[in-house]
2 protein chains.
Amino acid sequence: MPDKYNLELYKLKAELCKTFSDPKRLMIISELRSGEKSVGDLVEALGSPQSVVSRHLAILRSRGVVETRRDGVCIYYRLANSKIVDACDIVHQVLLDQISRNREIAEKLKV
Amino acid sequence: MPDKYNLELYKLKAELCKTFSDPKRLMIISELRSGEKSVGDLVEALGSPQSVVSRHLAILRSRGVVETRRDGVCIYYRLANSKIVDACDIVHQVLLDQISRNREIAEKLKV
DNA sequence: TTATTATATACGCATATATGCATATATACA
DNA sequence: TGTATATATGCATATATGCGTATATAATAA
């Protein structure tokens, strides 16, 4: 009995993961961990053209990962949900596990 | 001071997230939560062509998310790291948060 | 050896994604 | 009004992704 009836849920989860599957978007999320930042701040932090950063922000916005606040001419971005930080941390953990595992394998091959 | 020096790390994280950003791969991971499964089992569970499932498994394999064991003709897949389950659970949580938040907004709009 | 079952992969196609450039929009100020 | 600054977006292009069909590989049995 395939869980096709959950397909829509899996699609939503996949879309959320897709939101995190770009290095620059992860860098943006990382920058926002310490608090809200303007687009200009993020442009500087990432060292990418403003149009590129703005479009990544649009993607993060459209998927509810970040929220905005306008103050005069500047628009400040912040993370919409603290659990996003947790998710990124776990991905970090998984990655570290993989790296150390690969290192072990490499060590064994040296013998 | 942009954290460009971490770019490679972000690329790796993004690739890992990309691995999770397909509904069928998430369904495979979900199936494997209850223990190892053969390719045939997964084909049946997903209701997708064998070639499609096999290709998704290849992606999961290449990124160290699953591991395999051959027993005769069959190849059994299992999750390589229990933290992957945690990561998926958090994504699930974030999604639920989003849904309930959207529901709140919808309620407010009705007034 | 041949046949059968289970799994993996090459190819072509359609669609999605990220990017850079240029331009549009929005706010503030003179 | 006009100008300057901050941000968003339209367009064209290059690359990546997922899919179906067909075929290749591996293990087992006859």
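- Across the interface with DNA chain D, nearest-nucleotide mapping of P49(B) and R70(B) shows P49(B) to be the residue nearer the 5′ end.
- With V39(A) as the partner, the side chain to side chain contact (heavy atoms under 4.5 Å, CB included) test is satisfied by one option alone out of L42(A), V43(A), D41(A): V43(A).
- Of the listed nucleotides (dT7(D), dG18(D), dA10(C)), dA10(C) has the atom at the smallest distance from the side chain of R55(B).
- Looking at the side chain of V73(B), the nearest of the listed nucleotides dA28(C), dT19(C), dT5(C) is dT5(C).
- Distance, L60(A) CG to dA18(C) P: 10 Å, rounded to whole Å.
- Remark: R33(B) engages D89(B) in a salt bridge, criterion side-chain N to carboxylate O under 4.0 Å.
- Under the 4.5 Å side-chain criterion, counting only non-hydrogen atoms from C-beta, Y10(A) is in contact with S30(B).
- No contact: S48(A) has no heavy atom under 4.0 Å from any strand.
- Checking R70(B) against Y76(B) by side-chain atom types alone, no donor-acceptor pair falls below 3.5 Å.
- Taking the side chain of A58(A) as heavy atoms from C-beta on, and the options dT9(C), dA18(C), dT9(D), the nearest nucleotide is dT9(D).
- For the pair E15(A) and K18(A), the salt-bridge criterion is not met [side-chain N within less than 4.0 Å of a carboxylate O].
- Per the geometry, CD1 belonging to I28(B) stands 13 Å off C1' belonging to dG18(D), to the nearest Å.
- In the interface, the side chain of R25(B) is not paired with the base of dG18(D) through any donor and acceptor atom under 3.5 Å apart.
- Comparing V39(B) and S21(A) by the nucleotide of DNA chain C that holds the closest heavy atom to each, the one mapping nearer the 5' end is V39(B).
- OP1 or OP2 of dA8(D) lies within a sub-4.0 Å distance of a side-chain N or O belonging to Y77(A).
- The side chain of K18(B) places an N or O atom within less than 4.0 Å of a non-bridging phosphate oxygen (OP1 or OP2) of dT17(D).
- Side-chain nitrogen and oxygen atoms of R61(B) include at least one within less than 4.0 Å of the OP1 or OP2 phosphate oxygen of dA8(C).
- Distances shorter than 4.0 Å separate some side-chain N or O of H56(A) from OP1 or OP2 on dT19(C).
- When the nucleotides dG20(C), dT7(C), dT7(D) are ranked by their closest atom to the side chain of S38(A), dT7(D) comes out on top.
- You won't find any donor-acceptor pair under 3.5 Å spanning the side chain of Q50(B) and the base of dA6(C), going by distance alone.
- The residue I59(A) sits close only to the backbone: its heavy atoms come under 4.0 Å of sugar-phosphate atoms, none of a base.
- One can place CD1 of I75(A) at 10 Å from C1' of dT25(C), the figure rounded to the nearest angstrom.
- With distances taken from any side-chain atom of R63(A) to the nucleotides dT17(C), dT7(C), dA8(D), the minimum falls on dT17(C).
- With rounding to whole Å, Y10(B) atom OH is found 18 Å from dA18(C) atom P.
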